[in-house]
Amino acid sequence: PASLCGTWDIISNVNLDGYMIALGISPNLRKIALKLKQKKVIEQKGDHYIIKTTSTFRNYTISFRVGQDFEEFTKGLDNRHVKSLVTWEGNKLVCEQTGEKKNRGWAHWIEDDKLHLELYCDGEVCSQVFKKK
Ligand code: RET
């Protein structure tokens, strides 16, 4: 599949609020998060990925190997501990985040030179699109 690597600027963000509500994020933090212009910085070496979500307010970074589960603490988001596993499903880099919340995870893929990200929690889907910087 096409490389996810690079620096990406958000150009659309649908239902972030529904996703944050499903996570139980406070109204104050939701209000701030909705105003932010998120960026993604994705680095990769072989099966090892570092994905940084950055904004003027707060950053969130994860680091993992495809196919190896890892403990994730969603610091500054909903502050939960989950067990995460990232795998390729066709052209999509898919993460399952097992923990207190049902059907929680995300998928990243490239389509028409854009980075697509879907975030899932408890039946809510947030759809984000980023363009390369
Ligand atoms: C911000 C600002 C503070 C509040 C919230 C945020 C949302 C972060 C999200 C991050 C998703 C990261 C993923 C990484 C995967 O590789 C912007 C940090 C709620 C939704 C999916």
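Basis for what follows: all heavy atoms, side chains included, without hydrogens, waters or symmetry-related copies. Not measured: the values here are computed from a predicted model.
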Exercise. Applying side chain to side chain contact (heavy atoms under 4.5 Å, CB included), run through L117 and F130 and close with a yes or a no.
Key: CA-CA 8 Å; L117 170 60; F130 298 79; 4.2 Å; yes

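Here the closest heavy-atom approach between residue G76 and residue L29 is recorded as O-CD2, 3.8 Å. A pairwise comparison of heavy atoms in N79 and K75 identifies OD1-CA, 3.4 Å as the closest pair. Minimum heavy-atom separation, E72 to I62: OE2-CG2, 3.4 Å. The two residues V82 and G99 make their nearest non-hydrogen contact at CG1-CA, 4.4 Å. Of all heavy-atom pairs spanning Q44 and C5, the tightest one is CB-SG, 3.4 Å.
In this structure, W106 is a member of the same hydrophobic cluster as L36, with clusters built from ILVMFWY side-chain heavy atoms closer than 4.5 Å. At a threshold of 4.5 Å between side-chain heavy atoms, the hydrophobic network of Ile, Leu, Val, Met, Phe, Trp and Tyr places I25 and L119 in one connected group. One hydrophobic cluster, built from ILVMFWY side chains closer than 4.5 Å, cannot hold both L34 and V125; they sit in different ones. In the hydrophobic clustering of this structure, L16 does not group with I21; members are Ile, Leu, Val, Met, Phe, Trp, Tyr whose side-chain heavy atoms approach within less than 4.5 Å, directly or through other members. Cluster annotation: F73 and L77 are assigned to distinct hydrophobic clusters (Ile/Leu/Val/Met/Phe/Trp/Tyr, side-chain heavy-atom contacts under 4.5 Å, transitive).
Without hydrogens or angle criteria, R65 side chain to V86 main chain gives no donor-acceptor distance under 3.5 Å. In this structure, the side chain of T61 does not engage the main chain of K52 through any donor-acceptor pair within 3.5 Å.
For the salt bridge (Lys or Arg N to Asp or Glu O under 4.0 Å) condition, the pairs that include at least one residue of residues 101-113, sequence neighbours left out, are D78-R104. For residues 116-133, there are no salt bridge (Lys or Arg N to Asp or Glu O under 4.0 Å) pairs, not counting sequence neighbours. Judged as a salt bridge (Lys or Arg N to Asp or Glu O under 4.0 Å), the pairs with a partner in residues 2-24 (not counting sequence neighbours) are, in order, D9-K39, D17-R30.
A salt bridge does not link E96 to K83: none of the charged side-chain nitrogens sits closer than 4.0 Å to a carboxylate oxygen.
Checked by atom type, the side-chain pair H116/S127 shows no donor-acceptor distance below 3.5 Å.
In this structure, OG on S84 lies 4.0 Å from CZ on F70, to the nearest 0.5 angstrom. To the nearest 0.5 Å, atoms CD1 (I110) and CG (L115) are separated by 5.0 Å. The structure places OG1 of T87 at 5.5 Å from CG of L85, a figure rounded to the nearest 0.5 Å. In this structure, NZ in K92 is found 12.5 Å from NE2 in H108, a value given to the nearest 0.5 Å. Rounding to the nearest 0.5 angstrom, the gap separating the CZ atom in F64 from the CD atom in E71 is 15.5 Å. Once rounded to the nearest 0.5 Å, the distance linking CH2 of W88 with CH2 of W109 reads 12.0 Å.
In this structure, N103 and C121 have side chains that are not in contact, with every pair of non-hydrogen atoms separated by 4.5 Å or more. The side-chain heavy atoms of R58 and Y60, taken from C-beta on, include no pair separated by under 4.5 Å. Side-chain contact between I42 and I50 is absent, with no heavy-atom pair separated by less than 4.5 Å. The closest side-chain heavy-atom distance from L4 to L93 is below 4.5 Å.
At least one test fails for K40 against the ring of W8: distance under 6.0 Å to the centre or angle within 45° of the axis.
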